Number of protein chains: 2
Amino acid sequence: MDRTQLLKGVLDIAVLATLRDEDGYGYDILRRLRAAGFDDVGDASVYGTLRRLFQAGHLVTYVVASDSGPHRKYYSLNQSGRLQLKLAAETWRDFSATMDRLLAD
Amino acid sequence: MDRTQLLKGVLDIAVLATLRDEDGYGYDILRRLRAAGFDDVGDASVYGTLRRLFQAGHLVTYVVASDSGPHRKYYSLNQSGRLQLKLAAETWRDFSATMDRLLAD
DNA sequence: TGACAGTACTTCGCATTGCGGAGTAGCGTG
DNA sequence: CACGCTACTCCGCAATGCGAAGTACTGTCA
């Protein structure tokens, strides 16, 4: 089964969730997501999602130089982002509950 | 929150699930889905999904005349469809479990 | 020194899929 | 006869995940 389509509309929630407790930069968020179970998520998907969330005003960014590689663009949730995470998590729970009922019969 | 994107990749599983116990025609499946909690699913989405599932060989169809309206094109799960439902349901459970863990912290 | 791998990010265009709108058609009601 | 409900089809759009390519910095190893 291809899980690509399942990720649609979920990746933004997942990215917000990975930033809830700690700021992160794109490559790091990618690793966190893969470690969390989204093994096959593409890098461009994460960067694109971060860009969209930033443009929507849910994230703020700051650049930090690294001594072991190129610079890192950190992302952090602002108040709007935390609200968005809360709303999105509720939407997800409603949605998945509906789906579970349908599958359970 | 817009649930449109969340439906992607899930609608086919949901449609298969509505056909598990009883054959149905497009308009009827639409009503079942809306009754099950997918209030805002569009009719064209359901018809499109049925067409894709049929083309993939998961469904068989037969037409039945109706005495109160136009003809009805019934869809029924075949063996491939039942297998697909089983696999898709597992994929969904894995996926949603991963998501729940991420949101739960 | 030079090739390579890992880190880190960006841009481009493609594929999938849900959806709105329009159209066709049959039936019953006012 | 206009309207509304049922039932289906087709068209084109929008959102989004993804692969591929490119840029660039660092450290390792031959």
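Convention: sequence-line order gives letters A, B, ...; per-chain numbering from 1. Because the structure is predicted, anything quoted here is derived from the model rather than measured. The figures that follow rest on heavy atoms only: side chains count, while hydrogens, waters and symmetry mates do not.
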(request) Provide, to the nearest angstrom, the distance between the CZ atom belonging to A/Arg34 and the P atom belonging to D/dG17. (result) 14 Å
(request) Whole angstrom is fine here: how far is it from CD1 in B/Ile29 over to P in D/dA7? (result) 12 Å
(request) Could you tell me the separation between the OH atom of B/Tyr25 and the P atom of D/dC8, rounded to a whole number of Å? (result) 7 Å
(request) Report yes if at least one side-chain N or O of A/Thr4 is closer than 4.0 Å to OP1 or OP2 of D/dG17; otherwise report no. (result) no
(request) With the side chain of A/Leu7 defined as its heavy atoms from C-beta on, choose the nearest nucleotide among D/dC18, C/dG18, D/dC8. (result) D/dC18
(request) Using a 4.0 Å heavy-atom cut-off across all strands, classify B/Arg51 as base, sugar-phosphate, or nothing. (result) nothing
(request) Classify the nucleic acid contact of B/Asp2 as base, sugar-phosphate or nothing, counting any heavy atom under 4.0 Å across all strands shown. (result) nothing
(message) Can you identify which nucleotide, out of C/dG18, C/dG26, D/dG17, has its nearest atom closest to the B/Leu11 side chain?
(response) C/dG18
(message) Looking at B/Tyr27, I'd like to know whether one of its side-chain N or O atoms comes within less than 4.0 Å of OP1 or OP2 on D/dT6.
(response) yes
(request) Select from B/Lys73 and A/Val10 the residue whose nearest nucleotide in DNA chain D is closer to the 5' end of that strand. (result) B/Lys73
(message) Taking the nucleotide of DNA chain C with the nearest heavy atom to each, does A/His71 or B/Pro70 sit closer to the 5' end?
(response) A/His71
(message) Using whole Å, what does the distance between atom C1' of nucleotide C/dC9 and atom CG of A/Asp43 come to?
(response) 9 Å
(message) Looking at A/Arg20, is its backbone amide N or carbonyl O close enough to the side chain of A/Arg82 to form a donor-acceptor pair, meaning the two atoms are under 3.5 Å apart?
(response) yes
(request) Describe the nucleic acid contact of A/Arg31 in one word from base, sugar-phosphate, nothing, applying a heavy-atom distance below 4.0 Å. (result) sugar-phosphate
(message) For D/dC8 and B/Tyr47 - does any side-chain N or O of the residue sit under 4.0 Å from the phosphate oxygens OP1/OP2?
(response) yes
(request) Answer with base, sugar-phosphate or nothing: what part of the nucleic acid does A/Gly9 contact at a heavy-atom distance below 4.0 Å? (result) sugar-phosphate
(message) Has B/Asn78 got a side-chain atom pairing as donor or acceptor with B/Gly57's backbone, closer than 3.5 angstrom?
(response) yes
(message) For the backbone of B/Thr18 and the side chain of B/Arg32, can you confirm whether one donor and one acceptor N or O come within less than 3.5 Å of each other?
(response) yes
(message) For B/Tyr74, run the ring-ring contact (aromatic ring centres under 6.0 Å, His included) check against B/Phe54, B/Tyr62, B/Tyr27 and tell me which one passes.
(response) B/Tyr62
(request) Indicate the atoms forming the closest heavy-atom contact of B/Val41 with B/Arg34, along with that distance. (result) O-NH2, 2.7 Å
(request) Send over the distance from B/Lys8 NZ to C/dC19 C1', rounded to a whole Å. (result) 9 Å
(request) Drop me the distance from B/Leu102's CG to A/Leu33's CG, to the nearest 0.5 angstrom. (result) 6.5 Å
(request) Report the distance from atom CD of A/Gln5 to atom C1' of C/dA15, rounded to the nearest whole Å. (result) 8 Å
(message) Does a side-chain N or O of A/Arg72 approach OP1 or OP2 of D/dC25 to a distance below 4.0 Å, or not?
(response) no
(request) Write down the distance between CZ (A/Arg3) and P (D/dC18), rounded to a whole number of angstrom. (result) 11 Å
(request) Starting at atom CZ of B/Arg52, determine the distance to atom C1' of D/dC10, rounded to an integer number of angstrom. (result) 14 Å
(request) Please state whether the phosphate of D/dT16, meaning OP1 or OP2, lies under 4.0 angstrom from any side-chain nitrogen or oxygen of A/Thr49. (result) no
(message) Closest-nucleotide mapping onto DNA chain D: is A/Asp12 or B/Tyr75 further toward the 5' terminus? I mean the 5' end.
(response) B/Tyr75
